[in-house]
Every structure is written in structure tokens, then in C-alpha cells.
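See structure below.
Convention: sequence-line order gives letters A, B, ...; per-chain numbering from 1.
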Protein chains: 2
Amino acid sequence: MNVQFKKGVLELCVLALTAKADRYGYELVHRLSETLEIAEGTVYPILRRLTKEGLFTTYLAESSEGPPRKYYHLTTKGEQYLADQVREWREFYTSVNQVIEEDASP
Amino acid sequence: MNVQFKKGVLELCVLALTAKADRYGYELVHRLSETLEIAEGTVYPILRRLTKEGLFTTYLAESSEGPPRKYYHLTTKGEQYLADQVREWREFYTSVNQVIEEDASP
DNA sequence: GCCACTACTAAACAATGCAAGGTACTGAAA
DNA sequence: TTTCAGTACCTTGCATTGTTTAGTAGTGGC
């Protein structure tokens, strides 16, 4: 998996998954690993940063299978930011595909 | 335009455009600026790097409108690399869209 | 000669993913 | 009881790569 492709997009994926339901870090790592290869050391800094920026609130919940989980909940500000990012992402990959296809089949 | 999205993809775009025809740097900057916002100082380092890696050969051609242009020509190695990158790109954005849509319309 | 445009280069800077390391709780196997 | 695997969290330093900013140099019009 091309590491460079992921830049900035992982943040978008974390936001998107958390919009569907509150998530905890470990869960996000494993969910995202199914399709995109992603490391723990990548996810936690993103969560910290986005929480600091007010896009997430957090709360702890006990688990029967290990230490308590820190859940992340998307704020209203987070939802707006996510919507913007999704729009930008769509514009972006459409542009890239135009450049590629322009070339692949002229 | 999200700066981080561009990382890694610019290389792909430069390769894709050069696969269609030999290009010179200034031309690439202006073509790519049409869709992605991009600076001169970004393109030339990519060209230098890819040339060093054997994906491009270069030659000079005179221009009636300024100094001679340095054209970049994709090598066979470059074509193979491009094909790989395009395949990876398609897999990548498909995965990202799955994650986003999973969330946007469940 | 001077200026705008074209073409390219160089160096310091910033953002972000990753590897590697650490802490700590639970339950089952030894 | 000790040990190990699985769960869950977090931090640090590194590598990669685009950006910013500045600079060099040729051409043609004023």
C-alpha cells in the first residue's frame, strides 16, 4: 500500500467511521486495517489532534475484555468538518482520475 | 484544496501526463494547476527524483519563446511503475470510498 | 538598458504516517 | 501461582514528501 496516498485521508476515514457510531481507538485501528493498512501509532495521534481541535469529545467505558475503552464522539463542529472533507475528497479524486484517464485512453 | 491529499498523487499525475507525450516542467505545472493547485517548486523536485530513479530520460529542445526546454520522456521502467501506481490508486480510492459511504448512507 | 515572461534549481520548513517501545487489565493455560 | 495471549491505550523519533522562498538565466518588447 502506497504510504503517500494515505496522507490526510486517514483523518477523513477516522471521522467518517466515528460519524456512524462512537468508536474507540483500538476498534478504529482494526476496522481500518481491513481495507487500508494502518498502524496503531498512526491512529492515536490523529485522535488526539482532532480531540484537541474540538472535533471529538471522549468518555471512558468499562470493558469485560480488558482495560476501559476511551470512546470518541463526533461533535457538531466535527460533523461540519467531516462534510467539508468529504466534499473536498470527492472533488480531489475526480480531478486525479481525470488526469489519469486523459492519459490512459485518449 | 487539502494539501495532504496531494502528497504522493502528484507523482502519479506527472507520470500519467508524461505517458501521453513528452513534457517539459513548466508545461506540467500549468496543466496540473488547472485541476489541482500546485506550485512550481513542487513539480521540479518530483521530475528530478523520478529521473534519478530511471523512470524518465531527458533531452533539451530549443524554444522560440525562451530558454531551451528540458523534455521528460517516460522509460519502459517508468511505464511499468506508472501502471502499478494507477492500479494501486484505484484500489486505494475504492477502499476510501467504501469507508466513507459505509458511513454516509447506512 | 530594463522589464516581463519562461525555465529551472536550491534550501529550510511543515505535515503526517510508521516503527518501536512502553504501560496495564483480563482470562486461560501451564 | 506464574505465564502468556489478547485487549486497550499512549509516546517518541524518523523518513518521506510537498511548500515556501529565493535565486539563476535566456528571450523579446519598450
Side-chain angles (χ1 to χ4, degrees), chain A residues 1-15 18 22-33 35-53 55-56 58-72 85 88-89 92 95-96, chain B residues 1-15 18 22-33 35-53 55-56 58-72 85 88-89 92 95-96:
Chain A
M1 172 75 60
N2 188 323
V3 174
Q4 297 307 316
F5 286 167
K6 298 181 193 173
K7 301 251 168 171
V9 177
L10 292 180
E11 179 188 293
L12 172 62
C13 291
V14 166
L15 286 163
T18 311
D22 292 359
R23 311 281 188 183
Y24 55 96
Y26 194 77
E27 181 188 10
L28 288 168
V29 172
H30 286 266
R31 276 188 165 257
L32 290 172
S33 292
T35 43
L36 313 164
E37 286 149 47
I38 191 174
E40 281 199 357
T42 303
V43 173
Y44 289 109
I46 291 175
L47 291 171
R48 212 192 318 150
R49 197 180 79 239
L50 297 181
T51 303
K52 194 181 166 190
E53 290 170 8
L55 308 185
F56 287 138
T58 65
Y59 59 92
L60 288 173
E62 293 203 2
S63 163
S64 58
E65 297 170 47
R69 296 164 174 168
K70 187 190 265 187
Y71 279 88
Y72 292 82
Q85 287 295 105
E88 269 195 45
W89 162 252
F92 172 75
S95 296
V96 173
Chain B
M1 172 74 62
N2 187 321
V3 174
Q4 296 308 316
F5 286 169
K6 299 182 198 172
K7 301 229 173 182
V9 177
L10 289 179
E11 180 188 294
L12 173 62
C13 291
V14 166
L15 286 164
T18 312
D22 293 358
R23 311 282 188 183
Y24 54 97
Y26 195 78
E27 181 188 10
L28 288 168
V29 172
H30 286 265
R31 276 188 164 256
L32 290 172
S33 293
T35 44
L36 314 164
E37 286 148 49
I38 192 175
E40 280 200 1
T42 303
V43 173
Y44 290 108
I46 291 174
L47 292 171
R48 219 182 313 150
R49 197 180 79 239
L50 297 181
T51 303
K52 195 179 165 191
E53 290 170 7
L55 307 185
F56 287 138
T58 65
Y59 58 93
L60 288 174
E62 291 203 4
S63 163
S64 58
E65 297 170 46
R69 297 165 174 168
K70 187 191 267 186
Y71 280 88
Y72 293 82
Q85 288 295 103
E88 269 194 46
W89 162 252
F92 174 76
S95 296
V96 173

Using the side-chain heavy atoms of Tyr26(A), tell me which of these nucleotides is nearest: dC10(D), dA8(D), dT9(C).
dA8(D)
Nearest-Å distance, [atom1] ([X]) to [atom2] ([N])?
X	N	atom1	atom2	value
Glu27(A)	dT7(D)	CD	C1'	13 Å
Arg23(A)	dC9(D)	CZ	P	13 Å
Lys70(B)	dT24(D)	NZ	C1'	14 Å
Leu28(B)	dT6(C)	CG	C1'	15 Å
Leu32(B)	dG18(D)	CG	C1'	13 Å
Tyr24(B)	dT6(C)	OH	P	9 Å
Leu50(B)	dC8(C)	CG	C1'	16 Å
Arg48(A)	dA8(D)	CZ	C1'	15 Å

Applying ring pair (Phe, Tyr, Trp, His ring centres under 6.0 Å), can you list everything that pairs with [X], at least two apart in sequence or on another chain?
X	result
Tyr26(A)	His30(A)
Tyr44(A)	none
Phe92(B)	Phe5(A)

Starting from the first five and the last five pairs of the helix from dG1(C)-dC30(D) to dA30(C)-dT1(D), work out the angle between the resulting helix axes, to 10 degrees.
20°
Applying salt bridge (charged side-chain N to carboxylate O under 4.0 Å, His left out), which residue pairs with at least one partner in residues 1-12 of chain B are found, sequence neighbours left out?
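Every salt bridge (charged side-chain N to carboxylate O under 4.0 Å, His left out) pair that includes a residue of residues 1-12 of chain B, provided the two are not neighbours, is Glu11(B)-Arg49(B).
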With sequence neighbours excluded, tell me which residues meet side chain to side chain donor-acceptor pair (under 3.5 Å) with Tyr24(B).
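Tyr24(B) satisfies side chain to side chain donor-acceptor pair (under 3.5 Å) with Arg69(B) once adjacent residues are dropped.
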Got a sec, which residues hit side chain to side chain donor-acceptor pair (under 3.5 Å) with Asn2(B), two or more places apart in sequence or on another chain?
none
Short heteroatom pairs, N/O only, protein and nucleotides 16-18 of chain C, under 3.5 Å:
unit_1	atom_1	unit_2	atom_2	d
dT16(C)	O2	Lys7(A)	NZ	2.9
dG17(C)	OP1	Gly8(A)	N	3.1
dC18(C)	OP1	Lys6(A)	NZ	2.8
dC18(C)	OP2	Thr42(A)	OG1	2.5

At less than 4.0 Å, is any side-chain N or O atom of Arg69(B) found next to OP1 or OP2 of dG26(D)? Yes or no.
no
Identify the heavy atoms of Leu36(A) and Ser95(B) that sit nearest to each other, and give their distance.
CD2-CB, 3.7 Å
Kindly indicate whether the side chain of Tyr59(A), heavy atoms from C-beta on, has any atom under 4.5 Å from the side chain of Asp22(A).
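In short, these two side chains touch, coming nearer than 4.5 Å.
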Residues in salt bridge (Lys or Arg N to Asp or Glu O under 4.0 Å) with Arg48(B), at least two apart?
none
For Thr42(A), check side-chain contact (heavy atoms from CB on, under 4.5 Å) against everything at least two apart and list the hits.
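Partners of Thr42(A) by the side-chain contact (heavy atoms from CB on, under 4.5 Å) criterion, ordered by chain and then number, come out as Leu10(A), Ile38(A), Ala39(A), Ile46(A).
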Roughly how far, to the nearest 0.5 Å, is CD of Gln85(B) from SG of Cys13(B)?
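Going from SG on Cys13(B) over to CD on Gln85(B), the span is 11.0 Å.
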Please produce a list of atom pairs where a protein N or O lies less than 3.5 Å from an N or O of nucleotides 22-30 of chain C.
unit_1	atom_1	unit_2	atom_2	d
dT26(C)	O3'	Ser64(A)	O	3.4

